[in-house]
Amino acid sequence: QVQLVESGGGLVQPGGSLRLSCAASQSISGLSSSSWYRQAPGKKREWVADIWAGGLTNYADSVKGRFTISRDNAKNTVYLQMNSLKPEDTAVYYCLVTWTSGVGSWGQGTQVTVSS
């Protein structure tokens, strides 16, 4: 079973940037998609971004223009570059890799806190 290790979270001021990484124990080049989700305290987990096998990306309206999802197949890693961070971006961020079978694997989550 694939293991996903997330890193890059932390405390940042509003307007700052962070880059999250999701490193997989197996090749991700053949996956259907890779995604980022986030969950703030007391709220449902929400979808943030997708990147598909052909490179197509999709973003939630709340992060469009500020966040960028990317993939490095050679490093088996998915990234989320977060710019112009806002306090409402504060959440635990989770990566998800989805196989063509429909089975998904989740990372353990990394905390992002945006505060002055």
Side-chain angles (χ1 to χ4, degrees):
Q1 295 180 336
V2 65
Q3 295 180 337
L4 304 178
V5 179
E6 298 176 50
S7 61
L11 175 64
V12 65
Q13 296 184 30
S17 298
L18 286 173
R19 188 195 192 198
L20 305 183
S21 298
C22 176
S25 61
Q26 300 178 14
S27 175
I28 61 172
S29 61
L31 294 174
S32 177
S33 66
S34 301
S35 305
W36 287 95
Y37 286 73
R38 66 186 182 186
Q39 187 168 22
K43 297 183 179 180
K44 297 187 298 182
R45 187 172 298 184
E46 66 173 345
W47 168 75
V48 174
D50 292 323
I51 184 166
W52 296 84
L56 177 68
T57 58
N58 297 99
Y59 299 92
D61 288 342
S62 59
V63 307
K64 193 173 298 182
R66 300 187 297 119
F67 290 11
T68 303
I69 186 171
S70 61
R71 181 183 63 229
D72 187 335
N73 289 339
K75 297 181 178 180
N76 294 335
T77 301
V78 181
Y79 302 97
L80 185 68
Q81 178 67 46
M82 305 184 295
N83 299 326
S84 301
L85 284 163
K86 305 174 181 179
E88 50 263 45
D89 295 319
T90 296
V92 177
Y93 284 71
Y94 299 90
C95 64
L96 168 69
V97 297
T98 303
W99 307 93
T100 55
S101 65
V103 175
S105 297
W106 290 92
Q108 84 284 354
T110 184
Q111 176 71 49
V112 172
T113 302
V114 184
S115 176
S116 298

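These values consider heavy atoms only, across backbone and side chains, with no hydrogens, waters or symmetry-generated copies.
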Fill in: Heavy-atom closest pair, residues Gly109 and Val92
CA-CG1, 3.8 Å
Practice prompt. State the CG-OG distance between Leu11 and Ser116, to the nearest 0.5 angstrom.
Written response: 9.5 Å
Practice prompt. Kindly compute the distance separating CE (Met82) from CZ (Arg19), expressed to the nearest 0.5 Å.
Written response: 11.5 Å
Practice prompt. Taking only Lys NZ, Arg NE, NH1 and NH2, and the carboxylate oxygens of Asp or Glu, determine whether Asp61 and Lys64 approach each other closer than 4.0 Å.
Written response: yes
Fill in: Shared hydrophobic cluster for Val97 and Trp47 (ILVMFWY, side-chain gaps under 4.5 Å)
no
Worksheet, complete the sentence: In this structure, CG of Asn73 is separated from NZ of Lys75 (nearest 0.5 Å) by 12.0 Å
Fill in: Between CG on residue Leu80 and OH on residue Tyr37, distance to nearest 0.5 Å
13.0 Å
Discussion item. I'd like to know whether CD of Gln13 has more than 12 heavy-atom contacts from other residues, nucleotides or ligands below 6.0 angstrom.
Written reply: no
Worksheet item: Of the non-hydrogen atoms in Ala40 and Ala91, which two are nearest, and what is the gap between them?
Response: N-CB, 3.8 Å
Worksheet item: To the nearest 0.5 Å, what is the distance between CG (Leu4) and OG (Ser105)?
Response: 5.5 Å
Worksheet item: Does one hydrophobic cluster hold both Val48 and Trp52, with members joined at side-chain heavy-atom distances below 4.5 Å?
Response: no
Fill in: Check: Thr90 main-chain N/O paired with Arg38 side-chain donor or acceptor under 3.5 Å
no
Worksheet item: Only one of Ser21, Cys22, Cys95 clears side chain to side chain contact (heavy atoms under 4.5 Å, CB included) with Thr77; which?
Response: Ser21
Worksheet entry | Enclosure of Gln3 CD (heavy-atom neighbours >12, cutoff 6.0 Å) | no
Worksheet item: So, Tyr79 side chain and Thr68 main chain: donor-acceptor pair closer than 3.5 Å or not?
Response: no
Worksheet item: Within the distance-only criterion (no hydrogens, no angle test), does the side chain of Thr110 pair as donor or acceptor with the backbone N or O of Ser7 below 3.5 angstrom?
Response: no
Item to complete: Taking the side chain as every heavy atom from C-beta outward, state whether Asp50 and Ile69 have any atom pair closer than 4.5 Å.
Response: no
Worksheet item: What are the two closest heavy atoms between Asn83 and Ser17, and how far apart are they?
Response: OD1-OG, 2.9 Å
Worksheet item: Between Val112 and Val5, is there a shared hydrophobic cluster once you connect ILVMFWY residues whose side-chain heavy atoms come closer than 4.5 Å?
Response: no
Discussion item. Tell me whether Glu6 contacts the main-chain N or O of Leu20 through its side chain, where contact means a donor paired with an acceptor under 3.5 Å.
Written reply: no
Fill in: Parallel, tilted or perpendicular, as decided by the 30° and 60° cut-offs, for the rings of Trp106 and Tyr94
perpendicular
Discussion item. Please say yes or no: joined through hydrophobic side-chain contacts below 4.5 Å, possibly via intermediate residues, are Ile51 and Leu96 part of one cluster?
Written reply: no
